[in-house]
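Here the structure comes first, spelled out in structure tokens, and everything after it is commentary.
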Amino acid sequence: MQIDEIKRKIKGDLGKDILFYETTDSTNTIALNIAETNKEGLVILADSQEKGRGRLGRLWISPPGVNIYMSVVLKPDVKPGDATLITLMTAVACAIALRKITGLDIRIKWPNDLVVADKKLGGILTELKIYREKIAFAVVGIGINVNIDTKVFPDEVREIATSIKNETGRRYSRENIIAEILCQLHVWYSAFKRMDKETILSAWRLLTSTLGREVVVTAGKETYQGFAEAVDEEGRLLLRLPTGEVKKISSGDLGTPG
Ligand code: BTN
């Protein structure tokens with residue numbers, strides 16, 4: 001990975017400092033450990049991860065040489081309740097960056113999966129440290145399947161996941177994509193710091209593939225089927241159940257009925 005090339009291409013404040021590891025357990029773990037004593041905007045990058053973490057305690061497949069594993073340290077002066085908006089704005093920034101570079105119809109699947117034709121291309125894991133009811137720092141972890149050949153995925157993963165190379169038939173520069181994501185993140189994080197919730201939510205709504213259709217959501221032990229009506233200011237999915245009741249769901253796994 002050419003770190004200097006990334007730095008040359010970055011326009012905003014995020015990614016001025018980059019720490020690169022050939023391999024590590026998880027870039028989020030490193031970022032969580034060192035965020036306190038470092039400035040906002042620090043980026044941790046790895047070529048591979050031994051214990052890449054996904055949402056809901058899952059493993060994030062992280063082989064070397066092909067994908068993006070990156071964590072960004074943010075220190076916004078906001079309450080923990082606004083943390084979901086950090087993830088939403090990150091998903092918007094990533095989707096816009098990836099659409100610009102690849103031309104693919106990349107969409108956001110609630111809550112924060114990056115998908116193309118309903119197959120997962122990337123994900124975001126935000127982890128927080130709270131101090132005195134404020135966010136001391138947030139670590140935004142971004143994983144993107146770039147040049148991985150999806151033939152190496154286990155069968156059950158291949159059915160639901162894809163990569164940019166798999167969708168376009170060509171390889172892309174990871175440095176270019178990382179720089180574009182950091183430029184977009186700078187723009188959308190500025191909107192977040194202004195608490196311009198409506199701008200972020202409208203962009204998210206334009207980019208999502210989730211709203212306006214029947215979905216099935218598994219949240220913990222419960223499963224709900226209904227019409228995905230909206231996403232509120234806290235990033236909760238508003239699901240209209242067959243009874244007419246609207247259920248507000250904070251996190252879960254989304255699928256299609258049948
Ligand atoms: C998801 O489950 O959709 C979220 C996946 C997040 C993976 C990224 S890769 C970089 C960072 N480090 C980790 O251990 N996880 C995140």
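We count ligands from 1, going down the list as the structure has it; atoms in each ligand are counted the same way.
- The closest side-chain heavy-atom distance from Tyr69 to Gln49 is below 4.5 Å.
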Show the atom names and distances, to 0.1 Å, of all donor-acceptor pairs under 3.5 Å that link a side chain in residues 159-168 to residues at least two apart or in another chain.
{"residue": "Thr162", "atom": "OG1", "partner": "Asn166", "partner atom": "ND2", "Å": "3.1"}
{"residue": "Thr162", "atom": "OG1", "partner": "Glu167", "partner atom": "OE2", "Å": "2.6"}
{"residue": "Ser163", "atom": "OG", "partner": "Ile148", "partner atom": "O", "Å": "2.8"}
{"residue": "Ser163", "atom": "OG", "partner": "Asn166", "partner atom": "N", "Å": "3.0"}
{"residue": "Asn166", "atom": "OD1", "partner": "Thr150", "partner atom": "OG1", "Å": "3.0"}
{"residue": "Asn166", "atom": "ND2", "partner": "Thr150", "partner atom": "OG1", "Å": "3.4"}
{"residue": "Thr168", "atom": "OG1", "partner": "Ile164", "partner atom": "O", "Å": "2.8"}
{"residue": "Thr168", "atom": "OG1", "partner": "Arg170", "partner atom": "N", "Å": "3.3"}
{"residue": "Thr168", "atom": "OG1", "partner": "Arg170", "partner atom": "O", "Å": "3.3"}

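- Among protein residues, Ser26, Thr27, Asn28, Gln49, Gly52, Arg53, Gly54, Arg55, Trp60, Tyr69, Met70, Ser71, Asp113, Lys120, Gly123, Ile124, Leu125, Gly141, Ile142, Gly143 come within 4.0 Å of ligand 1, judged on heavy atoms.
- Contact between Leu182 and Leu14 at its shortest, heavy atoms only, is CB-O, 3.9 Å.
- The side-chain heavy atoms of Val116 and Arg107, taken from C-beta on, include no pair separated by under 4.5 Å.
- Using a cut-off of 4.0 Å between Lys/Arg side-chain N and Asp/Glu carboxylate O, Lys134 and Asp82 are scored as not salt-bridged.
- Classification of Arg174 and Glu5 as a salt-bridged pair fails, no side-chain N sitting under 4.0 Å from a carboxylate O.
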